[in-house]
Amino acid sequence: MPEVVLWRLGLVLALSLGLVVAAARAQGRLRPQTLAHLRPAADDAVQTQAVRELLLRLLGARASDFLVLVNRSVGGQRERGGGGGQDRFELRSLKDGRVSVEANTAVAAATGLYKYLSAFCGCHVSWSGRQLFLPPKLPSIPTPVTVTAPHRFRYYQNVCASSYSFVWWDWKRWEKEIDWMALSGINLPLAFTGQEAIWQRVYLSLGLNQTDVENFFAGPAFLAWSRMGNIHSWAGPLPSSWYEKQLNLQHQILQRMRSLGMLPVLPAFAGNVPGAVSRLFPTANISRLGSWGHLNCTYSCSYLLDPEDALFQRIGQMFLAEVIREFGSDHIYNADTFNEMVPGSSDPKYLSSVSSAVFKSMTQVDPKAIWLMQGWLFVNRPTFWQPDQIKALLHGVPLGKMIVLDLFAESQPMYAKTQSFYGQPFIWCMLHNFGGNLGMYGTVESINKGPFEAMNFPNSTMVGTGLAPEGIEQNDVVYELMNEIAWHKESLNLTDWFALYPQRRYGTKNHHAVAAWQLLLRSVYNCTVYMKNHNRSPLVHKPSLSLNTSLWYTKTDVYEAWSQMQAAASDLLTSETFKYDLIDVTRQSVQLLVSDFYEDLKVAFFNNSLEELLTTGGVLVSDLLPELDSLLSSDRHFMLGRWLESARSLGTGEKEADLYEFNARSQVTLWGPEGNLLDYANKEWGGLVNDYYTVRWYLFVSTLAECLNSGIPFHQHQFDQIAFQAEQGFILNKKKYPDQPTGNTFEIAKRLFRKYHPQVMKRLKLQSGRPRRYSG
């Protein structure tokens, strides 16, 4: 097909001309040479074998069509940028019909492999599925292609993702993720699993008892915030089996990451300690922080050991030494001071002493240590973190010995406000997702230009790009795009890219699918305003009369994309990824419909129209939401039961399984014991929609109706108390939800479309009047 030929030739030109490092632009810039030692420890043979095994897992028997070799001398002289050689790969066709992929690291080789598969074979690999159809004979590469990454690092993860997404993973799921990471070019991932076992050893050796340790850690689904000093003990204690299982899992994770040439980032000490430390060390300078996340001091108000206290060095060095003894090291460590907490003093000298002490606790154990720090604190508390305070914290560490993650750079970049973090190297990150929420969303224009603006910023100290979502397994397209941008030196043509994306993702070209993605590009995926929590749908928030339903896009674009996806369905029935996207676009459309129903409910209530209120509410709670639940339950990616069963499967007995399920249910609903971060980690999942969100809307409609019947005003506080009982009831109800899909996705999606697409509804209303009335 002509378009395929043009596509391949275009990709060849892009790869050979557009994906090379901008050496001329790099000349004369400040580039910290102290990062040069951050190189893969595995030798070429180990890395080569690791990529070949990945290829076999990916393609099975067709793996023999590729010749893969890792040779660290590929590319010759090291490029400038971050103090060492950037990753590079070379692609060429061989006379025997095979394709050669040669690279200087295993990650680069895996990336090169995926570039070939996507560009020449139209393949696709993502969280929601794979499309790996290969023609009998591999397409030829007309001219050998050499690609060099513009920067040293492609970072991945957010400290919160370990709780919102990874918490229940076994090795099988981790293996799949690490494969995806390598294919996506990730070479700098967080590796936080198993650290509680190390902390347990340290604190027991200091004289704390097991109860002290148990009171320090939160439950599995909340460990991220326990590690950062935000909370303690909530949803715990951790069973003894948890420590050993997670420790063993971490060994598997690290072995695989390192064999693929990645540099895993291990945890270090930032000063958060159990309250019992003050009992054993009464003279230690320990202060109690304020509450966090609307939790009271039963579960919050953590204890912070002063960095200038001698005990700080003792604990910090003990922990890191034990980490290295257990896991080895690649010389890069994460510690986040004052995460969403206000420091005890704004004095620059104090802040500098804090960072100096944290870094000292690393270098006393590992003289080659590099500190990786999330820059979220500067975004979260801008009134406190003024230039003097930021500079003091950053300059407490020698220049080049710290890498700052500009964590929310697609919306709130900090590098420009801090003169490239006052000389410290930084990584431009796309945060994108908070709480692991579903909902189609992206800032594609921002991520398509932001990294290049940062790279060309005067005296830029940028050393990489990164993905830093709080939760994953959503919006595949945004992460695919960002991973590709990380290997470019210039912005992409988004219209062209989004036209090719569905062809790769579904394995064939369908003009309805292409049209749908163009509509999504200009609407949900092109947010140009600051928005932290993008999913404002009333569906996933506690009902009230003052919910924010504003949008950054025109909803008719989504409804039209829904029409186009429905039109494409008959030709794409066998595509796993299309099935996922059909559900996702339908789910997004239903989200919009719920907003419309909500606005109609408010109008009916304020107009004192009981009949309209009951009619609208009846359709919402007795048909629209149950139909959505059925659709979501038809695919494993959208099921509450899958999340709960993953949690329960880690328990060694019924008691542990119940604890893990309590954690899993709490996180996606109330979060804290009293709804402290209510619905922050909301999910539109089959089972959750029917038994949690629909129940709340039923109560809301019933309460409004009763208010109109009785003439009593609606009181939000009273309704919140009623809803809270239902929310608690869901967490404790012990109902078993299926973890295998039920129903025919395409039939359910078609039924929803025929009943609820706005144009269809408009026609039906003209023909037959109002929908059926609510009878509750």
Side-chain angles (χ1 to χ4, degrees), residues 432-433 437-446 474-475 477-478 494-495 498 502 512-541 543-569 580-604 616-617 619-621 623-625 627-628 631-632 638 679 682 684 689 693 697 749-766 771:
H432 180 262
N433 183 275
N437 301 153
L438 301 184
M440 303 182 95
Y441 168 75
T443 57
V444 294
E445 285 191 13
S446 175
Q474 37 72 33
N475 290 294
V477 63
V478 179
L494 291 176
T495 301
F498 269 75
H512 290 296
V514 171
W517 279 99
Q518 292 297 324
L519 289 160
L520 296 173
L521 163 63
R522 79 185 193 193
S523 57
V524 290
Y525 287 121
N526 194 26
C527 183
T528 57
V529 298
Y530 171 72
M531 187 170 293
K532 179 180 176 182
N533 295 310
H534 62 81
N535 195 342
R536 295 178 175 175
S537 171
L539 170 58
V540 293
H541 294 285
S544 80
L545 292 173
S546 58
L547 294 177
N548 181 0
T549 61
S550 63
L551 301 170
W552 67 91
Y553 58 91
T554 303
K555 61 184 177 183
T556 52
D557 285 340
V558 174
Y559 289 142
E560 179 56 26
W562 187 14
S563 297
Q564 295 291 344
M565 291 295 280
Q566 192 62 48
Y580 178 96
D581 291 341
L582 177 63
I583 293 174
D584 209 23
V585 173
T586 304
R587 179 206 51 72
Q588 188 74 18
S589 300
V590 172
Q591 236 184 231
L592 294 173
L593 290 170
V594 172
S595 294
D596 292 341
F597 274 75
Y598 166 68
E599 295 298 339
D600 289 347
L601 281 173
K602 288 201 302 181
V603 170
T616 301
V619 176
L620 175 66
V621 302
D623 194 75
L624 179 59
L625 293 182
E627 285 278 42
L628 174 61
L631 178 68
L632 298 170
F638 297 93
D679 299 322
N682 62 75
E684 290 169 39
V689 168
Y693 299 125
W697 281 101
K750 185 188 299 183
R751 188 167 69 236
L752 261 167
F753 180 82
R754 288 178 173 175
K755 284 201 288 186
Y756 287 108
H757 190 279
Q759 291 302 317
V760 177
M761 289 177 70
K762 184 177 180 180
R763 290 197 300 270
L764 291 176
K765 188 173 183 180
L766 291 174

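Keep in mind it's a predicted model, so treat the numbers as computed, not measured.
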Looking only at non-hydrogen atoms, find the nearest pair between Gln588 and Met440 and report the distance. OE1-N, 2.8 Å
Taking the ring centre of each residue, are His541 and Tyr693 less than 6.0 Å apart? no
For Asn682 and Asp679, indicate whether the former's side chain and the latter's backbone hold a donor-acceptor pair under 3.5 Å. yes
From Asn526 CG over to Ser446 OG, what is the distance, rounded to the nearest 0.5 angstrom? 10.0 Å
Using side-chain heavy atoms (C-beta onward) and a distance below 4.5 Å, is Leu592 in contact with Tyr559? yes
Establish, from distance only, whether the side-chain atoms of Asn475 and Tyr525 form a donor-acceptor pair under 3.5 Å. yes
Answer with yes or no whether the side chains of Gln591 and Arg587 bring together a donor and an acceptor at under 3.5 Å. yes
Kindly say whether Glu627 contributes a backbone atom to a donor-acceptor pair with the side chain of Asp623 at under 3.5 angstrom? no
Is there a donor-acceptor contact under 3.5 Å from the side chain of Tyr598 to the main chain of Leu539? no
With rounding to the nearest 0.5 Å, note down the distance linking OG in Ser537 to CD in Glu684. 6.0 Å
Can you measure from CG (Leu752) to CG (Leu624) and round to the nearest 0.5 angstrom? 7.0 Å
Could you measure the distance from the CG atom of Leu620 to the CG atom of Leu601? Nearest 0.5 Å is fine. 6.5 Å
Contact summary for Leu519 and Ala561, nearest pair of heavy atoms: CD1-N, 3.6 Å
How many angstroms lie between atom OH of Tyr756 and atom CG of Leu628, to the nearest 0.5 angstrom? 11.0 Å
For Thr556, does its backbone N or O pair with a side-chain atom of Thr554 as donor and acceptor, under 3.5 Å? no
Pro538 versus Trp697, closest heavy-atom pair with distance: O-CZ2, 3.1 Å
Polar contact flag, side-chain donor to acceptor under 3.5 angstrom, Ser589-His757: no
Sequence neighbours excluded, the answer for salt bridge (charged side-chain N to carboxylate O under 4.0 Å, His left out) partners of Glu599 is Lys602
Search all heavy atoms of Ala749 against all heavy atoms of Thr586 and return the closest pair with its distance. CB-OG1, 4.4 Å
Mind checking the CZ-OG1 spacing from Arg522 to Thr495? Nearest 0.5 Å is all I need. 10.5 Å
Are Tyr441 and Trp552 close enough that their ring centers fall under 6.0 Å? yes
